[in-house]
> 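The structure is given below, and queries will be raised subsequently.
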Amino acid sequence: MARGLTLLFLAAATLFAACSADEPETPEEKYCSQRCDCNKCTEDERASCLDDKINQKDEAGDADCKDEYSTYLTCLTGDAACSDGDYDESVCFAEESDLDSCLNPAPACNLVNNGVCNEPAPKGDGLCAVGSDTKDCAIPTCPSAGDGYCDEPEGTGLCAEGSDPIDCGVPTCPSAGDGYCDEPEGTGLCVEGSDPLDCPAETCLTCYDYVLDPLAGSLCDTSTTTYIDFLDCACVSCADVCATGADLCDADPVSSTCLSCAQELCLSTFNTCISD
């Protein structure tokens with residue numbers, strides 16, 4: 001009887017072991033196995049690795065970051081590799097950063113969408129955390145922002161409008177970033193430069209575009225000399241058709257008659273104007 005019970009116990013134990021061996025390995029176990037096989041972990045280190053990953057999985061679930069966690073773990077088990085006795089996980093940096101951003105989102109910024117970038121320098125004034133004022137901080141970066149000199153167009157002109165708010169002291173526009181231009185050329189509710197996202201900088205006209213219609217906008221500063229050279233020639237050589245009181249020499253859109261004459265008699269300055 002005792003021998004029979006012993007055999008039954010051994011059979012049950014063997015069956016249990018076989019079933020346990022057939023259990024699929026979890027992604028967390030797979031990662032820790034690969035990592036520890038490479039790093040030669042002790043059993044305690046292997047257990048600690050598994051605990052850490054399970055805790056991270058639970059944290060991700062609570063923070064609604066399951067997708068980011070799954071993507072990161074897939075990278076750790078599929079793309080990371082053993083290199084000279086060290087499990088190299090650097091290939092998963094982007095996935096780890098995405099998970100970290102999900103688990104630790106930037107604090108809310110109470111100055112968001114006020115027309116001024118409030119994230120840290122050089123883009124903003126540092127009143128809010130990185131990533132918390134994305135719309136205002138979408139303005140192109142000014143490398144010399146915060147250097148004590150206004151580098152926007154009204155200053156040195158080295159940077160775009162709204163990109164150096166600290167040095168240029170642009171007043172806040174309460175309705176900035178609402179989809180409506182609130183600077184003087186728009187609703188007029190705010191001062192120039194305080195609503196850069198809704199009021200993109202005016203595009204200037206090159207020489208030939210300005211010749212065709214000077215009323216369509218302002219001439220680019222870099223095109224001034226080229227335009228004047230062409231105008232001087234056309235208004236002398238073709239005065240009878242270009243200075244009629246409502247044509248090129250009168251700051252009006254050029255007529256086809258004037259343009260044809262200028263093209264024939266002022267070919268050099270005409271071609272320079274076209275290629276400007």
Side-chain angles (χ1 to χ4, degrees), residues 1-112 117-141 143 145-146:
M1 178 70 175
R3 186 169 182 272
L5 288 174
T6 300
L7 291 174
L8 182 62
F9 175 77
L10 289 174
T14 301
L15 180 62
F16 177 78
C19 291
S20 298
D22 290 338
E23 265 188 40
E25 194 175 34
T26 67
E28 290 75 22
E29 289 171 337
K30 182 179 180 182
Y31 162 68
C32 290
S33 292
Q34 291 178 190
R35 183 172 182 269
C36 285
D37 287 348
C38 177
N39 294 353
K40 308 302 180 187
C41 298
T42 64
E43 286 305 313
D44 286 344
E45 289 171 336
R46 184 185 295 264
S48 178
C49 170
L50 188 57
D51 285 344
D52 289 343
K53 272 287 163 274
I54 291 174
N55 289 337
Q56 189 179 50
K57 178 182 179 181
D58 292 341
E59 184 183 359
D62 292 341
D64 197 22
C65 300
K66 290 181 180 179
D67 290 343
E68 288 80 0
Y69 172 78
S70 178
T71 301
Y72 177 43
L73 196 57
T74 298
C75 180
L76 289 178
T77 56
D79 297 327
C82 186
S83 176
D84 297 326
D86 182 59
Y87 198 61
D88 185 5
E89 302 175 9
S90 59
V91 69
C92 302
F93 176 76
E95 289 80 3
E96 182 181 20
S97 297
D98 289 343
L99 176 59
D100 185 62
S101 296
C102 184
L103 293 174
N104 304 289
C109 176
N110 59 0
L111 299 172
V112 68
C117 176
N118 300 117
E119 294 183 15
K123 274 194 171 184
D125 54 20
L127 296 177
C128 294
V130 173
S132 62
D133 192 16
T134 53
K135 191 170 183 179
D136 289 331
C137 297
I139 299 167
T141 300

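Each residue takes its place number in the sequence, starting with 1. In what follows, every heavy atom counts, from backbone to side chain, and hydrogens, waters and symmetry copies are set aside.
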> Verify side-chain contact (heavy atoms from CB on, under 4.5 Å) between E28 and T77, making sure each step is shown before the conclusion.
CA-CA 9 Å; E28 290 75 22; T77 56; over 6 Å; no

> If we only count heavy atoms from C-beta on, is the P27 to T74 side-chain gap below 4.5 Å?
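Heavy-atom side-chain distance check fails, nothing below 4.5 Å.
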
> Distance from E89 atom CD to Q34 atom CD, nearest 0.5 Å?
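E89 atom CD to Q34 atom CD measures 10.5 Å (nearest 0.5 Å).
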
> Output the distance between atom CD (E43) and atom CD (E45), rounded to the nearest 0.5 Å.
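CD of E45 is found 10.0 Å from CD of E43.
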
> Working to the nearest 0.5 angstrom, can you tell me the gap between K40 NZ and R35 CZ?
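Going from the NZ atom of K40 to the CZ atom of R35 covers 14.0 Å.
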
> Is the shortest heavy-atom distance from the side chain of V91 to the side chain of C75 under 4.5 Å?
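Touching, per the 4.5 Å side-chain cut-off.
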
> May I ask you to check whether the SG atoms of C82 and C38 are separated by less than 2.5 Å?
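Answer is yes: C38 pairs with C82 in a disulfide.
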
> Is the side chain of S48 donor-acceptor paired with the backbone N or O of D44 at a distance under 3.5 Å, no angle test?
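No: the side chain of S48 does not pair with the backbone of D44.
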
> Shorter than 2.5 angstrom, is that how the SG atoms of C41 and C49 come out?
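No.
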
> Indicate whether the side chain of Y69 and that of Q56 have a donor and an acceptor atom separated by less than 3.5 Å.
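Side-chain D/A pair, Y69 to Q56: absent.
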
> Quick one: do S132 and V112 satisfy side-chain contact (heavy atoms from CB on, under 4.5 Å)? Show the steps, please.
CA-CA 7 Å; S132 62; V112 68; over 6 Å; no

> Kindly say whether L76 contributes a backbone atom to a donor-acceptor pair with the side chain of Y87 at under 3.5 angstrom?
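Yes: the side chain of Y87 pairs with the backbone of L76.
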
> Mark yes or no for whether E119, through its side chain, and D133, through its backbone, hold a donor-acceptor pair below 3.5 Å.
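Confirmed, E119 side chain pairs with D133 backbone.
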
> Are the side chain of E95 and the backbone of L73 linked by a donor-acceptor contact shorter than 3.5 Å?
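It does not hold such a pair.
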
> Quick check for you: to the nearest 0.5 Å, what is the distance between E59 atom CD and D52 atom CG?
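Nearest 0.5 Å value for the CD-CG distance: 11.5 Å.
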
> More than 12 non-hydrogen atoms from neighbouring residues, nucleotides or ligands closer than 6.0 Å to CG on D64, yes or no?
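Result for CG/D64: open.
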
> Quick one: does S33's side chain have a donor or acceptor within less than 3.5 Å of a partner on E29's backbone?
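Between the backbone of E29 and the side chain of S33 there is a qualifying donor-acceptor contact (under 3.5 Å).
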
> State, to 0.1 Å, how close C102 and P105 come at their nearest heavy-atom pair, and which atoms those are.
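Closest approach of C102 to P105: O-CD, 3.5 Å.
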
> Return yes if a side-chain donor-acceptor contact under 3.5 Å exists between S90 and D88, otherwise no.
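Distance-only check passes for S90 and D88.
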
> Just verifying a value: how many Å separate L99 CG and S70 OG, rounded to the nearest 0.5 Å?
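L99 CG to S70 OG: 10.5 Å, rounded to 0.5 Å.
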
> Roughly how far, to the nearest 0.5 Å, is the CD1 atom of I54 from the SG atom of C32?
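Between atom SG of C32 and atom CD1 of I54 there are 8.0 Å.
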
> Is the SG of C109 found under 2.5 Å away from the SG of C128?
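Cystine link detected, SG atoms below the 2.5 Å cut.
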
